[in-house]
Amino acid sequence: MSEGRIKRMKELPSTHLLGTGTAMCSGCGGLEAVHQIYDVLGEKTVFVNAAGCMTLLSVYPFTPFRGSWLYTAMASAPAGAQGVRDALDILIEQERLPASENLDVVVLTGDGSAYGMGMSATSGALDRNLDFLYICYDNEGYGNTGQQSSSATPHAAATSTSHNYAGYKKDLFAIWAAHDPSYVATVIGSEPLDLARKIEKAKELRGPRMILALSPCPTGWDYDPKDSVEVGKLAVKTGIWPLKEYVDGEVVHTRIPRERLPVRDYLRLQGRFAHLFQPQENTALIDAIQARVDRYWDNLV
Ligand SMILES: Cc1ncc(C[n+]2csc(CCOP(=O)(O)OP(=O)(O)O)c2C)c(N)n1
Ligand code: SF4
Ligand SMILES: [Mg+2]
């Protein structure tokens, strides 16, 4: 782990890493996305949250949420969502709750749960055609416990459990689309109009819907918090994070970076990739990362 990242982690209140405090890191790209999503969804929601950084948002009296919140273990948020949805449906059917007070059930989960621990519970909820919105803020690691690698960690990234991550980021968008749900979309906080349009669309639909938000994480990715928006924009402009949606069996790209910037520009800003540039540039590995991105876009045409 780089000295910059160790310093930033030491500066956090100790409660942060224990998941029991109220501190969020400045420049948190996940928080930026969740804030924008909540602006569109509003208060008539129940958030069912899998343990992670965003759990810190629920701590009374500091919570910015004005609706309801249910905390679950990492793997269990979709099961919790099923229970809440069933309870609301039964109360409305028995006329113990007016239909006007119905709530949207929203899972809020990190990538550790979404790509890994919670995958089986999520697949089951999709099979049952559960009416819920599933938001994954993807900071590409177990952020709350010190950025251990997850199945969302990109190839070659340094994490607290890998100097040079050997795996490849799982394609969660494709895994969801294979279940043929109502809606799947990728978003990023640095593209707020694209994000708002997709949340509005998801809000109008019923059945399983996922919003997958790449979430630049200054603490885990090791860059200056002021660069969060820039890192997010580069993820889109280099083609590393395709903005797209799946609806009615079709995948549509909502932004196509016609003249893609080199992936170097994105990698170089982040301490987790510093070993690709120092003490000397690992050209072969950077070229291999570029080739995977090029292949993705070349296969589209
Ligand atoms: C079953 C289980 N194992 C471990 C933990 C401890 N834990 C709490 S948050 C967290 C990291 C979750 O990572 P992710 O889902 O990516 O969310 P992030 O912390 O990055 O926001 C872990 C391992 C837990 N709560 N439950
Ligand atoms: S560790 Fe990353 S995702 Fe978690 S609060 Fe800090 S910046 Fe946000
Ligand atoms: Mg995470």
Side-chain angles (χ1 to χ4, degrees), residues 1 4-37 47-59 62-64 70-80 107-122 134-154 157-162 165 167 169-170 172 188-190 210 212-232 235 269-272:
M1 201 184 294
R5 186 188 308 184
I6 290 169
K7 183 168 172 285
R8 243 190 290 288
M9 283 183 166
K10 280 186 178 160
E11 283 166 359
L12 288 170
S14 59
T15 47
H16 176 90
L17 294 180
L18 295 173
T20 53
T22 54
M24 304 284 295
C25 315
S26 57
C28 173
L31 188 57
E32 183 193 19
V34 170
H35 189 161
Q36 293 176 33
I37 291 167
F47 273 72
V48 184
N49 171 237
C53 286
M54 297 301 150
T55 304
L56 306 183
L57 292 175
S58 66
V59 182
F62 304 106
T63 179
L70 176 71
Y71 171 71
T72 69
M74 273 183 77
S76 313
V107 163
L108 178 61
T109 175
D111 51 286
S113 297
Y115 286 72
M117 280 192 220
M119 178 67 81
S120 156
T122 307
Y134 184 100
I135 297 165
C136 172
Y137 62 95
D138 177 1
N139 62 1
E140 303 190 320
Y142 285 18
N144 189 244
T145 43
Q147 200 69 7
Q148 295 83 17
S149 59
S150 77
S151 304
T153 299
T159 67
S160 59
T161 45
S162 60
Y165 184 62
K169 187 177 177 74
K170 215 184 251 179
L172 190 64
I188 191 159
S190 55
M210 176 169 76
L212 179 56
L214 185 68
S215 301
C217 168
T219 307
W221 299 9
D222 192 13
Y223 63 83
D224 192 317
K226 74 172 171 42
D227 292 332
S228 262
V229 171
E230 180 63 10
V231 169
L269 265 186
Q270 304 169 50
R272 63 178 174 158

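Positions are given from 1, in the same order as the sequence printed here. Read the numbers this way: they start at 1 and go in the same order the structure lists the ligands and their atoms.
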(message) Closer than 4.0 Å to some heavy atom of Pro218 - which atoms of ligand 2 meet that?
(response) 7 (S)

For the Mg ion (ligand 3), does an N/O/S atom of [X] lie at less than 2.8 Å?
{"X": "Gly141", "result": "yes"}
{"X": "Tyr142", "result": "no"}
{"X": "Glu140", "result": "no"}

Flag side-chain contact, heavy atom, 4.5 Å: [X] against [Y]:
{"X": "Met210", "Y": "Leu172", "answer": "yes"}
{"X": "Tyr137", "Y": "Leu108", "answer": "yes"}
{"X": "Val231", "Y": "Trp221", "answer": "yes"}
{"X": "Leu269", "Y": "Glu230", "answer": "yes"}

(request) Inspect the contact between Lys170 and Asp111 and indicate whether a charged nitrogen and a carboxylate oxygen are less than 4.0 angstrom apart. (result) no

(message) Restricting to N, O or S, what is the name of the atom of Asp111 that lies nearest the Mg ion (ligand 3)?
(response) OD1

(request) Applying side-chain contact (heavy atoms from CB on, under 4.5 Å), run through Glu140 and Thr159 and close with a yes or a no. (result) CA-CA 10 Å; Glu140 303 190 320; Thr159 67; over 6 Å; no

(request) Please find out if atom 2 (Fe) of ligand 2 and some N, O or S atom of Cys53 are separated by less than 2.8 Å. (result) no

(request) Any chance you could measure Tyr223, atom OH, to Ser228, atom OG, to the nearest 0.5 Å? (result) 2.5 Å

(message) To the nearest 0.5 Å, what is the distance between SG on Cys217 and CZ on Arg272?
(response) 8.5 Å

(message) Please confirm whether Asn139 approaches ligand 2 to less than 4.0 Å, judged on its heavy atoms.
(response) yes

Distances under 3.5 Å, N/O of ligand 1 against N/O of the protein: list each pair and its distance.
{"unit_1": "ligand 1", "atom_1": "15 (O)", "unit_2": "Gly112", "atom_2": "N", "d": "3.1"}
{"unit_1": "ligand 1", "atom_1": "15 (O)", "unit_2": "Ser113", "atom_2": "N", "d": "3.3"}
{"unit_1": "ligand 1", "atom_1": "16 (O)", "unit_2": "Asp111", "atom_2": "N", "d": "3.4"}
{"unit_1": "ligand 1", "atom_1": "16 (O)", "unit_2": "Asp111", "atom_2": "OD1", "d": "3.2"}
{"unit_1": "ligand 1", "atom_1": "16 (O)", "unit_2": "Gly112", "atom_2": "N", "d": "2.8"}
{"unit_1": "ligand 1", "atom_1": "16 (O)", "unit_2": "Gly141", "atom_2": "O", "d": "3.0"}
{"unit_1": "ligand 1", "atom_1": "19 (O)", "unit_2": "Cys53", "atom_2": "N", "d": "3.4"}
{"unit_1": "ligand 1", "atom_1": "19 (O)", "unit_2": "Gly143", "atom_2": "N", "d": "3.3"}
{"unit_1": "ligand 1", "atom_1": "19 (O)", "unit_2": "Asn144", "atom_2": "N", "d": "2.7"}
{"unit_1": "ligand 1", "atom_1": "20 (O)", "unit_2": "Asn139", "atom_2": "OD1", "d": "3.1"}
{"unit_1": "ligand 1", "atom_1": "20 (O)", "unit_2": "Asn139", "atom_2": "ND2", "d": "2.9"}
{"unit_1": "ligand 1", "atom_1": "20 (O)", "unit_2": "Gly141", "atom_2": "O", "d": "3.0"}
{"unit_1": "ligand 1", "atom_1": "20 (O)", "unit_2": "Gly143", "atom_2": "N", "d": "2.8"}
{"unit_1": "ligand 1", "atom_1": "21 (O)", "unit_2": "Cys53", "atom_2": "N", "d": "2.8"}
{"unit_1": "ligand 1", "atom_1": "21 (O)", "unit_2": "Tyr137", "atom_2": "OH", "d": "2.7"}

(message) Donor-acceptor pair, distance only, cut-off 3.5 Å: does the side chain of Gln147 make one with the backbone of Asn139?
(response) yes

(message) Between Ser113 and Met74 (side chain of the first, backbone of the second, donor and acceptor by atom type, cut-off under 3.5 Å), is there such a pair?
(response) yes

(message) Looking at atom 6 (Fe) of ligand 2, is there an N, O or S atom belonging to Cys217 that lies under 2.8 Å away from it?
(response) no

